[in-house]
Visitor: 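Got a structure for you, questions after.
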Amino acid sequence: MTSEQPSSRTKKVRCCVVGGGPAGMMLGYLLGRAGIEVVVLEKHADFFRDFRGDTVHPSTLQVMDELGLIEGFLKLPHQRLQKMDGLFGGTPVRIADLSRLRTKYPFIAFMPQWDFLNFLREAGRRFASLEVMMSTEAVDLIRRGETIAGVRAQTPDGLIDIEADLTIACDGRHSTVRERAGLAVEEIGAPMDVLWFRAGRNAEETENVFARVEPGKMMITFDRGDYWQCAYVIAKGQHQSVKARGLQALLDDVVRMAPVLRSGIAEVKSFDDVKLLTVAINHLPRWTRPGLLCIGDAAHAMSPVGGVGVNLAVQDAVATANLLADKLQRGCPSENELDAVRRRREFPVKMTQRMQVLVQNNIISGALRSGDRPLKVPLIVRLITALPWLQGIPARLLALGVRPEHVHSKVAPAS
């Protein structure tokens, strides 16, 4: 049901971006930079959420460079990853080597997502046309006949109607805006879920192993400087079974797979410290309604395979600004003009999802099903490990993606 009666407070803007994640904050920045009157709504009071995607790939670093923001951005605390090594059934393998890429920033930066989002918010303060409203949650749509004309939002001071020529949903895989608009999601499915937790790290502890795969088990570890970020992969729907075995059984498995975590695993004191990420892969066949566009996770949820979610969201935002900023100067683009974003981004999204499904079905599913049987390193992984020149291929797919976007949207003249 959508709002027909106005609330007691009304705000009018050219564009309302719902959701202050990577897609929403980057799009808000780009539209503000272009002189478009835009408001970004973020339902939380801050960006501090643990276990959100924090891998910033070279494609996003290139965007930051094109915006003239890279110097300040890389001054924020972060870690860098170039070589992705693993243990597959005890056999060392190399998955990718980003140092082989001919790109300006041949590394993945691990940075807390809240630092990334805060950086964009602070950088955007110089644009008078950009406003970020925190603690403001879109709860419904405003309609004018068949056209979406903005959103009704809940703020600490009550309801407000934000009337907008264009509403852009960046509110994630559980998008309220998408649901209110009646846009159907096409599910692809995933064979696993992920348990996220962190373990303490001593300064002298170093290890380059990124992924560990054993019969029936898989785990990823990221060196985050003063702690280890860990992702323990489980078969889809097995969370309750893991909890039934007890926390100690889980931690024993973790330490056996990754002995480097032994000293810091005591920081995991209960299952409250272990967060479940329910993995989903899906996309919208239709990204638009008149006056409405969905991008980022609201248009396509990605698997954590490759850690590409943040970067696909940023790419969507760049493409949206490139295609729509000039048109927004004159009012709401037509639905066909809005759909140009889907036509531009659908191929990279679907290709990335297909590669994720390929990894899930041919590596992860087999490992999780294998029980006590010895694991054999897949042929493609053996080839990549044995032939260093091949390591640049998965590195390029991870680092830059399929058809990376570059900033072409205009900069408004300084007032």
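As a basis for the values below, the full set of heavy atoms in this structure was taken, side chains included, without hydrogen atoms, waters or symmetry mates.
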Visitor: What I'd like to find out is whether the side chain of Gln62 reaches to under 4.5 Å of the side chain of Ile70, using heavy atoms alone.
Guide: no

Visitor: Do you know which two heavy atoms are closest between Gly200 and Trp228, and how far apart they sit?
Guide: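 For Gly200 versus Trp228, the nearest heavy atoms are O-CD1, 3.4 Å.
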
Visitor: Drop me the distance from Glu42's CD to Leu117's CG, to the nearest 0.5 angstrom.
Guide: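 If we round to the nearest 0.5 Å, Glu42:CD and Leu117:CG are 8.0 Å apart.
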
Visitor: Under 30°, 30 to 60°, or over 60°: which ring-plane class applies to Phe110 and Phe222, parallel, tilted or perpendicular?
Guide: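 Aromatic pair Phe110/Phe222 classed tilted.
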
Visitor: Roughly how far, to the nearest 0.5 Å, is CD1 of Ile95 from CD1 of Ile380?
Guide: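 Answer for the CD1-CD1 pair, Ile380 versus Ile95, is 12.5 Å.
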
Visitor: Would you indicate whether the side-chain heavy atoms of Glu131 and Lys11 approach each other to under 4.5 Å?
Guide: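 In short, these two side chains touch, coming nearer than 4.5 Å.
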
Visitor: Is the shortest heavy-atom distance from the side chain of Glu66 to the side chain of Val318 under 4.5 Å?
Guide: no

Visitor: In the structure I gave you, are the side-chain heavy atoms of Phe119 and Met111 within less than 4.5 Å of one another anywhere?
Guide: no

Visitor: Distance only, no hydrogens: is a donor on one side chain within 3.5 Å (strictly under) of an acceptor on the other, for Gln353 and His300?
Guide: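 Looking only at side-chain atoms, His300 and Gln353 do not form any donor-acceptor pair under 3.5 Å.
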
Visitor: Ignoring hydrogens and angles, tell me if any N or O in the side chain of Arg173 forms a donor-acceptor pair with the backbone of Ala301 under 3.5 Å.
Guide: no

Visitor: If only atom types and distance count, is the side chain of His57 paired as donor or acceptor with the main-chain N or O of Gly307 below 3.5 Å?
Guide: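 Here the side-chain-to-backbone pair exists.
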
Visitor: If you compare all heavy atoms of Pro22 against all heavy atoms of Ala313, which two are closest, and at what distance to 0.1 Å?
Guide: CB-CB, 4.3 Å

Visitor: Would you say that more than 12 heavy atoms from the other residues, nucleotides or ligands in this model lie under 6.0 Å from the CZ of Arg289, or not?
Guide: yes

Visitor: Considering all heavy atoms of both residues, which atom of Pro106 and which atom of Gln82 are nearest to each other, and what is their separation?
Guide: O-NE2, 2.9 Å

Visitor: Please determine whether the number of non-hydrogen atoms from other residues, nucleotides or ligands lying under 6.0 Å from atom NZ of Lys12 exceeds 12.
Guide: no

Visitor: Can you confirm whether Leu276 sits close enough to Leu195 that some side-chain heavy atom of one is under 4.5 Å from a side-chain heavy atom of the other?
Guide: yes

Visitor: Could you give me the CA-CA distance, side-chain angles and deciding distance for Leu324 and Leu166, then say whether side-chain contact (heavy atoms from CB on, under 4.5 Å) is met?
Guide: CA-CA 10 Å; Leu324 301 182; Leu166 175 61; 4.3 Å; yes

Visitor: Could you check whether any side-chain N or O of Arg94 sits under 3.5 Å from a backbone N or O of Ala96, counting only pairs where one atom can act as donor and the other as acceptor?
Guide: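 Side chain of Arg94 to backbone of Ala96, a donor-acceptor pair under 3.5 Å: no, none is there.
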
Visitor: Taking the side chain as everything from C-beta on, heavy atoms only, tell me whether Val177 gets closer than 4.5 Å to Ile148.
Guide: no

Visitor: Might you work through the side-chain contact (heavy atoms from CB on, under 4.5 Å) test for Asp46 and Trp114, ending with a clear yes or no?
Guide: CA-CA 8 Å; Asp46 55 44; Trp114 54 85; over 6 Å; no

Visitor: Please determine whether a side-chain nitrogen of the Lys or Arg among Glu163 and Arg144 lies less than 4.0 Å from a carboxylate oxygen of the Asp or Glu.
Guide: yes

Visitor: Donor-acceptor check, side chain of Asn311 to backbone of Thr55, threshold 3.5 angstrom: yes or no?
Guide: yes

Visitor: Please check if the number of heavy atoms outside Glu122 that lie under 6.0 Å from its CD is greater than 12.
Guide: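 Enclosed: over 12 neighbouring heavy atoms sit under 6.0 Å from CD of Glu122.
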
Visitor: Count the heavy atoms of every other residue, nucleotide or ligand shown that sit under 6.0 Å from CZ of Arg126, and state whether that count exceeds 12.
Guide: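 Check passes, neighbour count above 12.
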
Visitor: For the residue pair His78 and Val56, establish whether any side-chain heavy-atom pair is separated by less than 4.5 Å.
Guide: no

Visitor: Report the distance from atom SG of Cys170 to atom CE of Met26, rounding to the nearest 0.5 Å.
Guide: 12.0 Å

Visitor: Kindly compute the distance separating CZ (Arg152) from CD1 (Ile142), expressed to the nearest 0.5 Å.
Guide: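 Rounded to the nearest 0.5 Å, the CZ-CD1 separation comes out at 6.5 Å.
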
Visitor: Side chain to side chain contact (heavy atoms under 4.5 Å, CB included) with Arg256: which residues, sequence neighbours excluded?
Guide: Glu214, Lys217, Asp253

Visitor: Under a 4.0 Å N-O cut-off, is there an ion pair linking Arg286 with Glu335?
Guide: yes

Visitor: Can Arg342 and Thr288 be counted as having a side-chain donor-acceptor contact under 3.5 angstrom?
Guide: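 Side-chain D/A pair, Arg342 to Thr288: absent.
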
Visitor: For Ile281 and Arg354, run side-chain contact (heavy atoms from CB on, under 4.5 Å): C-alpha distance rounded to whole Å, both residues' side-chain angles, the deciding distance at 0.1 Å, then the answer.
Guide: CA-CA 10 Å; Ile281 304 181; Arg354 286 172 186 167; over 6 Å; no

Visitor: Would you confirm whether Gln229, through its side chain, and Asp223, through its main-chain N or O, come within 3.5 Å as a donor-acceptor pair?
Guide: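 Not confirmed, Gln229 side chain does not pair with Asp223 backbone.
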
Visitor: What distance do Leu250 atom CG and Phe271 atom CZ have between them, rounded to the nearest 0.5 Å?
Guide: 5.5 Å

Visitor: Rounded to the nearest 0.5 Å, what separates atom OG1 in Thr320 from atom CH2 in Trp287?
Guide: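 So the gap between those two atoms works out to 8.0 Å.
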
Visitor: Can you find a heavy atom in the side chain of Val407 that is under 4.5 Å from one in the side chain of Val63?
Guide: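 Touching, per the 4.5 Å side-chain cut-off.
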
Visitor: Counting only heavy atoms not in Glu146, do more than 12 sit closer than 6.0 Å to its CD atom?
Guide: no

Visitor: Looking at residues at least two apart in the chain, or sitting in another chain, which of them share a side chain to side chain contact (heavy atoms under 4.5 Å, CB included) with Arg178?
Guide: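 Once residues adjacent in sequence are excluded, the partners of Arg178 under the side chain to side chain contact (heavy atoms under 4.5 Å, CB included) criterion are Ser175, Leu183, Val185, Leu284, Cys294.
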
Visitor: Distance only, no hydrogens: is a donor on one side chain within 3.5 Å (strictly under) of an acceptor on the other, for Thr155 and Arg9?
Guide: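 Their side chains do contain a donor-acceptor pair, which is all the 3.5 Å distance test asks for.
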
Visitor: Looking at Glu405 and Gln315, would you say the former's side chain and the latter's main chain have a donor-acceptor pair under 3.5 Å?
Guide: no

Visitor: Return the minimal non-hydrogen interatomic distance between Ala181 and Leu141, and the atom names on each side.
Guide: N-CD1, 3.7 Å

Visitor: Verify, without hydrogens or angle tests, whether Asp193 (side chain) and Gln238 (backbone) share a donor-acceptor contact under 3.5 angstrom.
Guide: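 It does not hold such a pair.
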
Visitor: Just by modelled atom types, is the Gly225 backbone N or O under 3.5 Å from a matching donor or acceptor in the Arg201 side chain?
Guide: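 Yes: the side chain of Arg201 pairs with the backbone of Gly225.
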
Visitor: Side chains of Asp252 and Gln248: do they bring a donor and an acceptor to under 3.5 Å?
Guide: yes

Visitor: Kindly say whether Val139 contributes a backbone atom to a donor-acceptor pair with the side chain of Arg180 at under 3.5 angstrom?
Guide: yes

Visitor: Heavy atoms only: give me the nearest Pro348-Val402 pair and the separation to one decimal.
Guide: CB-O, 3.3 Å

Visitor: Before you tell me yes or no, could you show the steps for Lys275 and Val194 under side-chain contact (heavy atoms from CB on, under 4.5 Å), namely the whole-Å CA-CA distance, both residues' side-chain angles and the distance that decides it to 0.1 Å?
Guide: CA-CA 8 Å; Lys275 309 299 181 183; Val194 176; over 6 Å; no

Visitor: If only side-chain N and O atoms count, and only distance matters, is there a donor-acceptor pair under 3.5 Å linking Thr10 with Asp161?
Guide: no

Visitor: I need the minimum non-hydrogen distance between Cys332 and Gly291, along with the two atoms involved.
Guide: SG-CA, 3.8 Å

Visitor: Just by distance, do the side chain of Gln356 and the backbone of Ala190 share a donor-acceptor pair under 3.5 Å?
Guide: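 Pair absent, no side-chain N/O of Gln356 close to backbone of Ala190.
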
